[in-house]
Structure formats: C-alpha cells, structure tokens
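Beneath this line is the structure, given in structure tokens, with notes to follow.
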Amino acid sequence: MRAFGYDIDQLVIAHVLLAVVPVLVGLLVALPLGWWAHRSRPARRVLVPLSGALYTVPSLALIVFIPVVLGTPILSPVNVGITLTVYTVALLVRSVAEALDAVPDTITTAAIAVGYRSAGLLFGVQLPLAVPVLTAGLRVASVSAFSLVTVGALVGIPSLGTLMTDGFQQDYTAMVVTGIVGSVVLAFLFDALWLALGRSLTPWTRARTGV
Amino acid sequence: MLGRLGDWFSDPTRWSGSAGIPARVLEHLGYTALAVAIAAVIALPLGALIGHTRRGGLAVVGVANGLRALPELGVLVLFVLLLGLGLLPPTLALVLLAIPPLLAGAYSGVAGADPGAVDAARGIGMREHQVLLQVEVPAAVPLVLGGLRFATLQVIATATIAAYVGLGGLGRFIIDGFSVRDFPQMLGGAVIVAVLSIVVEFVLQGLGRLVTPGPDRLRLRRHADGPPAPPVSPSPAPSSREVRP
C-alpha cells in the first residue's frame, strides 16, 4: 500500500519488527536476571536500582548512546532495537523477581514434596504462577515500545514515525495523523495478542473466575 | 569519540549564553515544571474526586492506558501543526502526556485508602469533604508521588524530543547535532539529559521517602531492599517463611 509517497507496508513492517523483537528479546534476558534477583539479595541490590536508573534515561539519549557503547553505525535500526530491549529488561527484571517472590511458599513446599526439583520447580511451578504478572509487565513494555519506536525517526530510522517527521517538514497533518493512528492501532493489536497469550497459558485463572 | 566529547564539554563557550549548557538545563527544567504543574492542577483533583466517589474508575484506567499508547513524537508534531510554533503547543502536548500517570496515582491512592479508616471517619461524623481531605488524600500521598515521579520523567524525556518542533532545552544539542552530523554535540546533549533525569528521579524519590508516613515507609523499604520489615501492627502477618523446609 502506498500513501503520501511512502510504502506504508514497509513502514508498518519496520515498526512492528522494531517494537516486537526487542520486547521479546528483553523478556528472554529479564527472566534469568529476575530469577537471579529473586534468589540472591546482593544481585537484587545491584539489579533493581540499575534497571531503575536505565529506565530513567530518555529514549532519544539512549538511542544516541548505543552507537558509542557498541560501535554500531549511528543510522542503524539496531540502536533503536537495543534501546527498547534495555527498557524492556529494566522494566521486567523487577517484575520477574517480584512475581517469583510472590509464589506462596506453601505451593513451593508442596511441589518439592511431590518431587519437583530445581529446574522442574522453576519451569513447572514457579514460572507458570508468575505468568499473570509477567503478562502485565510485557503489555506495558510492548505498548510503550510501539510509541518509542517513532522516536527513531528523529535520527533517520524508518518506522511510522517517519510519517510524523516528514509530515511535520511538509506541513501535512493527514500524514502525521496516519502515523499516530497506525502506531496506536498496532500497539493495541499486539496488546490484545499478549493478553490472549497470557490467558491461554493460565487456564486455571479462567476456571476460577468462571469465564 | 570520548576525547571529542571531552573537547565538547571543555569548550568554554558551551557554558555561557542562551545556547549554553546552563541555559538549556534551566529551559528544560522550566518546561518540565510548567507542564507537570498544569497537568497536576487538572489531574489531581479529578483523580481524587473519582477515587472518592468511585464513579468512573474504569474509565480513568482505560483512558490512562489508552493515552499511554499515543506516540509522543506524533502528539508533539500534531499540536504544533494545528496550533503553530511557540511555547504553548508543545507544552500542551507535554501536559496531555503527564495527565495519565497523575490521574491514575490520585485515583488509585484515594480509592485505595483503608476502608476501615474511611468508615471510622464517617462514623465520628466527618462530612464527605472532610473524609476526602483529612483521611483519603493523606493516605493517597505515596501513590500520588509515584505518579508525579513517573509524569516528571516522562515529560523530561518528551521535552527532549520537543526540540524537533522548535522548543529549546537539552534536546536542541541532540537534534541540532544530528542535522549537521556533529556527533560529540549529540552525545554531550544525551549525557546531560540522562544525568538530569537520574538526578531528578533521585530527588523525587528522596522527597517521597520524606513525606511518606511511618508504616508505609517500612513497607516501601521492604519492597526496595528485600529484607522483611519488622511487624508494625499486631495484625496477623503472612508467616509463610516458617514452612520453608
């Protein structure tokens, strides 16, 4: 589909890839870090304040830091991807740790009593019980990722944000509105996807509420 | 690159004049304070009222979540295209983005006040506005401050982007640096705005600790540091630790 002289499909694909991949990678990185923060108090003392500080850094600043730290080209989409991965990790490490903390000891004890051990206990009992909290964190990270991807347009990284910057330069409101609406719709679509995924992973929560 | 960044920072002309670092920091803080103050005047009373009457709570949460999906850059550009350049349009966009966290903080803080305390206040004959102002609002302070912190950081970050639509502040270094491919300048601006954000967060966190009443302070500490706080009330605390093998 073309509009305003742009290949909209390509902008949408770039937007989705730049938002979704970092959020999923961030989740994968946050799981072991969160588990570590759950198990070790010194690790938590470092990880939780560090992720708080990283989450505080404005996105445009972080996008500028990444090429200096990693040596990537300044115009590379990787800078936006890594920025969003950092935010996701920063947001989720604490969620994972607190979700694991919140698993009642009675359940852990019962699982150990029926024969669950380390990895089985984590993946079979503790993580599944943490899914609702994880889903909530993932949804926040995902919604803000879809909005933050557009910031990359300020340093030349294509996404629906390109319609906003170029629409501004051309004084073309419809183009800007298209970018905003597209970004919001994509954010909501993926939000619904994560919600459905979280629900399908936790059938017991539905049984309890009778839905 | 780091050497050139050092050169950028040590150039004395960076530290004076209306485009110097101190002036840009003050501008940035000024925009942030203005937007957060306007947003607070709108959102805090509204949130408190909705939390008190418990009418429209779902709508608040829905609107707050919906606004979170709005791309900041798009909102800024749209406001400037519709209302023109200058201080007002970007500031209005910043206000719009600061409202959801403040509204959510005030609403959930007031709605989450201890129902026993609220009932007791009514029982001793307090009027509704007294219940709100003397019981629910004090109880809401920690969550309101949480919302204020989040809103402030959000506005500092978005004000950086607002340099693209002609606002001053620290984003100027990044946006202007990019347009002439002056990377030390971009990096310098990024460093300053990152440090500013972390300092502001630190100050607001300290402020939060100062004004949070005793038992809540203990509860907050327990979340932050991990070790369980000593029991502060005779109410039965969850004693799950005892069953650990």
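Please read these numbers as outputs of a predicted model, since none were measured by experiment. Per chain, numbering begins at 1; letters A, B, ... match sequence-line order.
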Any side-chain heavy-atom pair from [X] and [Y] closer than 4.5 angstrom?
X: A:Ile74; Y: B:Arg181; result: no
X: B:Pro71; Y: A:Val184; result: yes
X: B:Phe178; Y: A:Leu75; result: yes
X: B:Val193; Y: A:Leu60; result: no
X: A:Leu148; Y: B:Glu72; result: yes
X: A:Met164; Y: B:Leu78; result: no
X: B:Val77; Y: A:Thr165; result: no

Quiz item: Hey, which of B:Ala157, B:Gly189, B:Ser197 has the most heavy atom pairs under 4.5 Å with chain A?
Solution: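 With the most close heavy-atom pairs to chain A, the winner is B:Ser197.
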Self-check item: Most contacts with chain A, counted as non-hydrogen pairs under 4.5 angstrom, among B:Val191, B:Thr158, B:Leu196, B:Val195
Solution: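 Sorted descending by pairs with chain A, the first entry is B:Val191.
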Heavy-atom distance under 4.5 Å to chain A: side chain of [X], backbone, both or neither?
X: B:Leu153; answer: side chain
X: B:Ile175; answer: side chain
X: B:Leu82; answer: side chain
X: B:Ile174; answer: side chain
X: B:Val165; answer: both
X: B:Phe183; answer: side chain

So which part of [X] gets closer than 4.5 Å to some heavy atom of chain B, the side chain, the backbone, both or neither?
X: A:Phe168; answer: both
X: A:Val176; answer: side chain
X: A:Tyr172; answer: backbone
X: A:Val155; answer: both

So for atom [atom1], which belongs to [X], do other residues, nucleotides or ligands contribute more than 12 heavy atoms lying within a distance under 6.0 Å?
X: A:Arg199; atom1: CZ; answer: no
X: A:Gln170; atom1: CD; answer: yes
X: B:Phe9; atom1: CZ; answer: yes

Interface residue of largest heavy-atom contact number with chain B, from [options], under 4.5 Å:
options: A:Val143, A:Val181, A:Val64; answer: A:Val64
options: A:Leu62, A:Thr173, A:Val149; answer: A:Thr173
options: A:Ser147, A:Ala61, A:Ser142; answer: A:Ser147

Quiz item: If you measure from CG on A:Leu154 to OG on B:Ser179, what distance do you get to the nearest 0.5 Å?
Solution: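 Between atom CG of A:Leu154 and atom OG of B:Ser179 there are 11.5 Å.
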Identify the two heavy atoms, one from [X] and one from [Y], that lie closest to each other, and give their separation to 0.1 Å.
X: A:Gly161; Y: B:Leu73; result: O-CD2, 4.2 Å
X: A:Val57; Y: B:Ala194; result: CG1-CB, 3.8 Å
X: B:Val75; Y: A:Ile180; result: N-CD1, 4.0 Å
X: B:Thr160; Y: A:Pro58; result: OG1-CB, 4.3 Å

